Amino acid sequence: MGTYIYLSILPNQISRAEWEQVYEESLTLLNAFPFAQIEKREYFGFQVPVYTRAKELTEKDRYWRISGDLQSKQFAESFKLYRDLDKYKTNRKEEISDILLGDEYNAVSVFDSKTQGLNYHLYILAIAMLIESRFPKAALVSGDIDYLQCVKAKQWADQYLSSPIELPVRVHVDSLLNRINDKNELDQIATIEKWLIVDAEDICRLIYERFSREAFVTWFCNHLKTYSSPNMVGAVKLFTYYLNLTNDIDGLINMACKTETGPKYLASDLIRAIAGTWICLPPEKFSFMDVFGKVPGHPHIVERQLGTAMLDMMFTGREIKTYIPVEEVAKKFKTHFPELSSNIDTLLQDELERIEQKLSLFHFRIAHVLQLAEQNTDGKTYMADEDAFLYYDGDSVALTEAQELKIKMVAYAINRFFTDVNADLFKKVLYMQPIEYLKRAFAGYVYEKQNLVLTEEAWQRVVEIDDIHVMRVILAKLIIDDISETDDHKVESDFRKAMLENKKIIEKIIAYMDDEQAMNEVESFIDKN
């Protein structure tokens, strides 16, 4: 699982001169945003990998490589582009004139990496879109993208390029259908399903709005028949999308149970499935789940992908956008299935009660998440721990009480370490060596022990430290993490990165170390827990 951007080309359909011209345009975009690359730098006797400003490299070939950005200080996988088109040439035969008419064996991959939805995602996307725009039938952008992301990427890139770029064909339904030029409705629907990158609900909406009722019913019934039960997640989602479009319970009953070409589900099973769409739940019962909704035009981060998958399994109806009172839904079913009349109300009510119980329990369990979201105001932003510590500035980005406590606990641990009789060997290093020795020890821990890759700015900040107490505090934290056994390695790794990239976190640690009241608070917390 991950958040990808793909770019494929047909290199034999592109001239060398045109490719070089587009490569030069890509350099314009490269220089317009603080992209980062990894380079080796020498610090305190170690050759360490460092995030630096990305630029064109000319070691043997001319190319650039991007791994993240210095603005967000977040990094994922690398993207690389060569000026020499021959780097992408193969012995494959390219007998097609349009990349959409080929298959994966015809095209050559240029980008095939994860951005994990981090800040540089939209800007890498813009470069990929530039290449497809200049070679519309010989290049193709895809991945974990959508229409609004591409609009944002285009708006940014057009500021810097001499001629604007176009949206990728795979996010633009009109361009896609014009390109394939299918005449038959079902063929056009198949093209949309194969190529268009869009959420499943938008696929349903497009087919409902653009094609005949007959074509839509055929498509809908064919999809339902892939599910053996109407209560499977995929089927419930289809019902949800249809009800969002139409509120048409009658039509749904006909397609699911009565149409000859449909799945002919049992009525009792469909009743439970319709309850599972939440269409009978008053919206205020689940409005708290809006906090988990997708942000339009923003790429999914991996954690959100995982969370969405889990929510889809547990709360399949969470995408419902309409409401029909349970009495009206029951009446519809009684009209179609009078033989079940005495059971319909019970089936619906039992399923709704089960859903409400699950929602109530979930609401209780995520209270801290909701509280974090509710704390945000126009003047202050509260973030999850990883981002909160990395971006805390004491002004617009604030810390929650729990996050402040985390910093106090780090300060407490360092104070205890400095007084721990079992840490004499380490204390001799910290207190008997000059600051340059401590900086060399720091470099060793970061590079060889912690495997942290820091920005050039963070390394330079360490170079400029002239207060040996600050250096001792930083090194003590690294030593503590190295010798302690913790179940949550990621939390500590995230905090170490934030501590080294954000000088305000170190300043708070040192301030709390000298704050008797704060240290007493930590002791009290430890005693209670």
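Just so it is clear, the structure is predicted and the values come from calculations on it, not from any experiment.
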Decide yes or no for Cys221 and Val217: does some side-chain heavy atom of the first lie under 4.5 Å from some side-chain heavy atom of the second? yes
Taking ring-ring contact (aromatic ring centres under 6.0 Å, His included) as the test, write out the residues that go with Trp195, two or more places apart. none
Which pair of non-hydrogen atoms, one from Val141 and one from Glu132, has the smallest distance, and what is that distance? N-OE1, 2.8 Å
Closest heavy-atom pair, Ile355 versus Gly276, reported as atoms and distance to 0.1 Å, is CD1-CA, 3.9 Å
Spacing of NE2 belonging to His336 relative to NZ belonging to Lys331, to within rounding of 0.5 Å: 12.0 Å
Flag if over 12 foreign heavy atoms under 6.0 Å of CZ, Arg365: no
So, Ser212 and Glu185: side-chain donor and acceptor under 3.5 Å apart, yes or no? yes
Geometric class of the Phe220/Phe239 ring pair [parallel <30°, tilted 30-60°, perpendicular >60°]: tilted
Hey, is the main chain of Ile165 close enough, under 3.5 Å, to the side chain of Asp158 for a donor-acceptor pair? yes
Under-4.0 Å salt bridge between Asp174 and Arg210: yes
Using the six-membered ring of Phe495, assess whether NZ or CZ of Lys406 lies under 6.0 Å from its centre and within 45 degrees of the ring axis. yes
Can you name the nearest heavy-atom pair linking Tyr323 to Cys280, along with the distance? CE1-O, 3.4 Å
Could you tell me which non-hydrogen atom of Leu224 sits nearest to which non-hydrogen atom of Pro263, and how far apart they are? CB-CG, 3.8 Å
Using a 6.0 Å cut-off, check whether atom CD of Glu209 has over 12 heavy atoms from anything other than its own residue. yes
Check whether any side-chain N or O of Gln403 sits under 3.5 Å from a backbone N or O of Met383 as a donor-acceptor pair, and report yes or no. yes
Is Lys497 salt-bridged to Glu492, cutoff N-O under 4.0 Å? no
Do Ser133 side-chain atoms and Glu166 backbone N/O form a donor-acceptor pair below 3.5 Å? yes
Nearest 0.5 Å, what's the CG-CG distance between Leu148 and Leu122? 10.5 Å
Go through the steps to decide whether Ser67 and Glu77 satisfy the test side-chain hydrogen bond (donor to acceptor under 3.5 Å, both in side chains), and finish with yes or no. CA-CA 5 Å; Ser67 303; Glu77 294 184 349; over 6 Å; no
Residues His121 and Gln116: side-chain donor-acceptor under 3.5 angstrom: no
Would you sort out whether Phe79 and Phe111 count as a ring-ring contact (aromatic ring centres under 6.0 Å, His included), showing the intermediate values? CA-CA 6 Å; Phe79 294 78; Phe111 294 162; 5.4 Å; yes
Taking 4.0 angstrom as the limit, do Lys321 and Glu201 come out as a salt bridge? yes
With a sphere of 6.0 Å drawn around CD of Glu193, does it hold more than 12 non-hydrogen atoms of other residues, nucleotides or ligands? yes
Show your working on side chain to side chain contact (heavy atoms under 4.5 Å, CB included) between Thr191 and Asp187 and close with a plain yes or no. CA-CA 6 Å; Thr191 293; Asp187 287 342; 5.6 Å; no
About how many Å separate NZ of Lys137 and CD1 of Ile96, when rounded to the nearest 0.5 Å? 11.5 Å
Value for CG (Asn12) from NZ (Lys89), rounded to nearest 0.5 Å, stands at 4.5 Å
Would the distance check show the side chain of Thr115 and the main-chain N or O of Gly117 forming a donor-acceptor pair, the cut-off being under 3.5 Å? yes
Looking at Arg134 and Glu18, is there a salt bridge between them, counting it only when a charged N and a carboxylate O are closer than 4.0 Å? no
Flag, side chain of Ser360 to backbone of Glu356, donor-acceptor distance under 3.5 Å: no
Are the aromatic rings of Trp19 and Tyr88 close, with centres under 6.0 Å apart? yes
Verify the distance criterion only: is there a donor paired with an acceptor across the side chains of Ser72 and Asp69 at less than 3.5 Å? yes
Is Asn231 reaching over with its side chain to a backbone N or O of Ala273, donor-acceptor style, under 3.5 angstrom? yes
Are the side chain of Asp248 and the backbone N or O of Gly251 linked by a donor-acceptor pair below 3.5 Å? yes
Does this structure show an ion pair linking Lys87 with Asp61, if we count only N-O contacts that are shorter than 4.0 Å? yes
From CA spacing to verdict: side-chain hydrogen bond (donor to acceptor under 3.5 Å, both in side chains), Glu56, Asn31: CA-CA 9 Å; Glu56 185 184 31; Asn31 294 323; over 6 Å; no
Just checking, any donor-acceptor pair under 3.5 angstrom between side chains of Tyr391 and Glu501? no
Looking at every non-hydrogen atom in both residues, tell me the closest pair between Ala36 and Phe75 and how far apart they are. CB-CE2, 3.6 Å
Do the ring planes of Tyr4 and Tyr6 sit parallel (below 30°), tilted (30 to 60°) or perpendicular (above 60°)? parallel
As a quick check of understanding, evaluate side-chain hydrogen bond (donor to acceptor under 3.5 Å, both in side chains) for Gln37 and Trp64, giving each step before the final call. CA-CA 9 Å; Gln37 66 187 26; Trp64 52 253; over 6 Å; no
Test item: Asn244 side-chain N/O and Arg205 main-chain N/O as donor-acceptor pair under 3.5 Å: no
Donor-acceptor check, side chain of Asn254 to backbone of Lys258, threshold 3.5 angstrom: yes or no? no
Below 30° counts as parallel, above 60° as perpendicular, anything between as tilted: where do the rings of Tyr123 and Phe33 land? parallel
Over all heavy atoms of both residues, which pair between Leu7 and Ala128 is shortest? Give the atoms and the distance, please. CD1-O, 3.9 Å
Show, in sequence, the C-alpha distance, side-chain angles and deciding distance for Ser109 and Ser8, and conclude whether the side-chain hydrogen bond (donor to acceptor under 3.5 Å, both in side chains) test is met. CA-CA 4 Å; Ser109 176; Ser8 302; 5.2 Å; no
Indicate yes or no: does Asp98 engage Arg179 in a salt bridge with an N to O separation below 4.0 Å. yes
Sidechain-backbone polar pair: Asn222 side chain, Thr218 backbone, donor-acceptor under 3.5 Å: yes
Does Phe286 have any ring-ring contact (aromatic ring centres under 6.0 Å, His included) partners at least two apart in sequence or in another chain, and if so, which? Trp278
Take Leu270 and Phe333, measure what side chain to side chain contact (heavy atoms under 4.5 Å, CB included) needs, and give me the verdict at the end. CA-CA 10 Å; Leu270 182 65; Phe333 275 103; 4.0 Å; yes
Applying the side chain to side chain donor-acceptor pair (under 3.5 Å) test to Asn119, which of Lys73, Gln74, Gln71 qualifies? Gln71
Using 0.5 Å steps for rounding, measure from the CD atom of Glu351 to the OG1 atom of Thr346. 13.0 Å
Counting only heavy atoms from other residues, nucleotides and ligands, does the tally under 6.0 Å from NZ of Lys334 exceed 12? yes
Give a yes or no on this: more than 12 heavy atoms of other residues, nucleotides or ligands lie within 6.0 Å of atom CD of Glu401. no
Between Asp86 and Arg16 (salt bridge meaning N to carboxylate O under 4.0 Å), is one present in this structure? yes
The reported gap from CG in Asp199 to SG in Cys204 (rounded to nearest 0.5 angstrom) is 12.5 Å
